[in-house]
Amino acid sequence: MSNQQVETSFEDMTEKQKNKTIWGVITASSLGTLIEWYDFYLFGSLAVVLATKFFPSDNPTAAFLSTLATFAAGFVVRPFGALFFGRLGDIIGRKYTFLVTLLIMGFSTFLIGCIPGYETIGFLAPVLVLILRLLQGLALGGEYGGAATYVAEYAQPHRRGYWTSWIQTTATAGLFISLIVILLTKSSLSAEQFDTWGWRVPFWISILMVGVSYVIRKNMKESPLFAKAKAEGKTSKNPLKESFGNKYNFKFVLLALFGAAMGQGVIWYTGQFYAMSFLQKVMNVESTQVDYLMATALLMGTPFFVFFGWLSDKVGRKAIMMTGMLVAILAYRPIYDTMFKSVNLESKTVASNGITEKRSAKVHKDIATDSLVTFHKEILYTDGTLMKKDSIVHWSAAGPVMKDGKAEEPKLSKSITINDNTRWYLVFLVFIQVIFVTMVYGPIAAFLVEMFPVRIRYTSMSLPYHIGNGVFGGLLPAVATYLVTTGKDAGHEAWYLEGLWYPIGVATVCLVIGMFYLKNKNNNIHDK
């Protein structure tokens, strides 16, 4: 069947036939995109564990920040992937381009699970991880634009927000599935087995999912709008030049970035990744509990992507996205202050005989005559909260090892197991943040697609999306963690809220630009 015939046959379909066709398109596109997000977010979901595997262990805070920086590197290169694969997508076609991105992502993820740790190959470990993260970022830079464009070009214009919103669920669903796979792996293994090798299993599993998705995508047809443009000789010979060399079109690229995408990016990562990092590293909530409560909040919130996508077809994309940004800006500090204080141990009462202390020792891995002594303390509170704290000290035959005339600083680790009431309260607070995410993210695929003509759509919409998400959003966990650490070291009273200034500032700038310069009505003229 020729490209012209593909277009004609789709145009001649009844509404019922079109709906059936687009459900097939969404299933094939969403499955592949979901798997790519799953692959990409495994690294973030396991950041606390990976910090101990691929980076020096003598400074846990520096190792965690290095892990977040490596995580962010995958986001920073996403715009380059958008340019490279976007150009291919506008010249060759949407279908074949995101087949390539799927394979690159899948193999990169699988190989991360195969890299030996820092203790085995030294600095080569973080270098290899960084290279694979960069490949993941390049692949994702080409994946999302292709999937969103492909679905949008099959969708009826008056239902484009609704149909593309299904693609929008894949990012959160990918994070949700990554958490579920991690939890299942943890529950199937002992804590020691998971720490030794079990953390690699979620990375290895991805290769199986990629294989299934590749087979499904291989049988897809090209989008009807692109097929028609190609049959009529209207595709672009130089999408990069037309997208960014043309002042008129470049103005819309900048408007899409600074008026929508960058604000959406920081709200997405605040409500999901930073919330998870805040619970683990700032509030010290036990990691498995964090995974469960994040997964619950994400599951509850995911249907709202479709709701707000559908609503954007009725009331316009701008109204929903700008409202989401405004509410998030105003609510973030009260929400995170409430989250932090919900696990405030100073306001709790210690149970009778609730304090347990013990000591253990093991031979130092580098000095046979020395030991690493762990002072373990548990405190049980009357409301069921349990705090565990370990202090690890390097101990020689003469006592604590001295450095510059002083005993070495102990390595501290702390985790708090919260009670059911607190857990559900935190689920609710994270769920509210996921609602903010769905408001700004649900309509944005349709919004970006409608800003640009078919001939340069893949390239033009991919770049602002991936700068907004990859740069402004992807840097958020590292920047926010740095601001929190700096605020704590400086003795600020509300140090735990310092990290929020980054998303609040970026979203505020985006809100102002969007309110003044974005159109209120949805735009379908660029389908011609």
Side-chain angles (χ1 to χ4, degrees), residues 75 78-83 86-87 89-90 141 144-145 148-149 152-153 157 160-161 164-165 167-168 236 239-269 308-309 312-313 315-326 328-329 436-437 439-475 503-528:
F75 289 89
R78 276 167 59 178
F80 298 100
L83 291 175
R87 176 180 176 274
D90 281 327
Y144 175 82
T149 301
E153 290 178 349
R160 183 170 283 155
T164 56
S165 67
I167 287 289
Q168 302 306 90
S236 175
L240 294 178
K241 184 177 180 180
E242 287 193 47
S243 294
F244 313 117
N246 181 300
K247 289 184 179 179
Y248 179 78
N249 191 75
F250 188 57
K251 178 184 75 173
F252 283 99
V253 171
L254 294 178
L255 182 58
L257 170 59
F258 295 110
M262 74 174 186
Q264 172 262 304
V266 295
I267 289 171
W268 201 101
Y269 289 100
F308 287 115
S312 75
D313 288 327
V315 303
R317 328 283 185 216
K318 174 181 174 178
I320 296 172
M321 292 190 297
M322 296 301 108
T323 301
M325 287 187 205
L326 176 62
I329 290 166
F436 302 157
V437 173
M439 292 181 73
V440 296
Y441 196 61
I444 202 166
F447 165 78
L448 291 174
V449 164
E450 290 170 347
M451 289 191 75
F452 305 104
V454 173
R455 59 189 286 113
I456 55 173
R457 177 172 282 166
Y458 197 153
T459 303
S460 296
M461 68 89 69
S462 292
L463 185 67
Y465 174 83
H466 285 293
I467 292 178
N469 283 267
V471 178
F472 289 99
L475 290 175
I504 288 174
V506 172
T508 300
V509 172
C510 187
L511 175 66
V512 172
I513 294 173
M515 287 296 295
F516 281 101
Y517 294 104
L518 291 183
K519 292 183 178 180
N520 288 311
K521 294 183 178 180
N522 303 336
N523 179 20
N524 298 313
I525 62 172
H526 286 142
D527 294 338
K528 306 298 183 184

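The first residue of the sequence shown is numbered 1, and numbering continues consecutively from there. Computed from a predicted structure; not experimentally measured.
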Between Y441 and Y465, what is the ring plane arrangement, given parallel below 30°, perpendicular above 60°, and tilted in between? tilted

Quick one: are I467 and M262 in side-chain contact, heavy atoms under 4.5 Å? no

Can you measure from CD (E450) to CE (M461) and round to the nearest 0.5 angstrom? 10.5 Å

Shortest non-hydrogen pair, I320 vs F308, comes out as CD1-O, 3.6 Å

Any chance CZ of R455 has more than 12 other-residue heavy atoms, nucleotides or ligands included, within less than 6.0 Å? yes

Checking side-chain contact (heavy atoms from CB on, under 4.5 Å) between I504 and each of V509, I267, I329, which is the one that passes? I329

Are L326 and M322 close enough that some pair of their side-chain heavy atoms sits under 4.5 Å apart? no

Main-chain N/O of G309 paired with S312 side-chain donor or acceptor, under 3.5 Å: yes

Could you walk me through whether L463 and L257 pass the side-chain contact (heavy atoms from CB on, under 4.5 Å) test, one step at a time? CA-CA 8 Å; L463 185 67; L257 170 59; over 6 Å; no

Answer yes or no: is there a side-chain heavy-atom contact under 4.5 Å between T459 and F244? yes

Closest non-hydrogen atom pair, N249 against P453: OD1-CD, 4.2 Å

Which pair of heavy atoms, one from C510 and one from M325, lies closest together, and at what distance? SG-CE, 3.7 Å

Rounded to the nearest 0.5 Å, what separation is found between the CG atom of L475 and the OH atom of Y269? 10.5 Å

Taking the side chain as everything from C-beta on, heavy atoms only, tell me whether L448 gets closer than 4.5 Å to I444. yes

Mind listing the closest non-hydrogen atom pair of M451 and A256 along with its distance? SD-CB, 3.7 Å

Closest non-hydrogen atom pair, P464 against V253: CB-O, 3.7 Å

F80 atom CZ, neighbour heavy-atom count above 12 within 6.0 Å: no

Would you say F436 and V440 make side-chain contact, with heavy atoms under 4.5 Å? no

Taking all atoms of both residues into account, what is the closest heavy-atom pair of H466 and P79, and its distance? O-CG, 3.8 Å

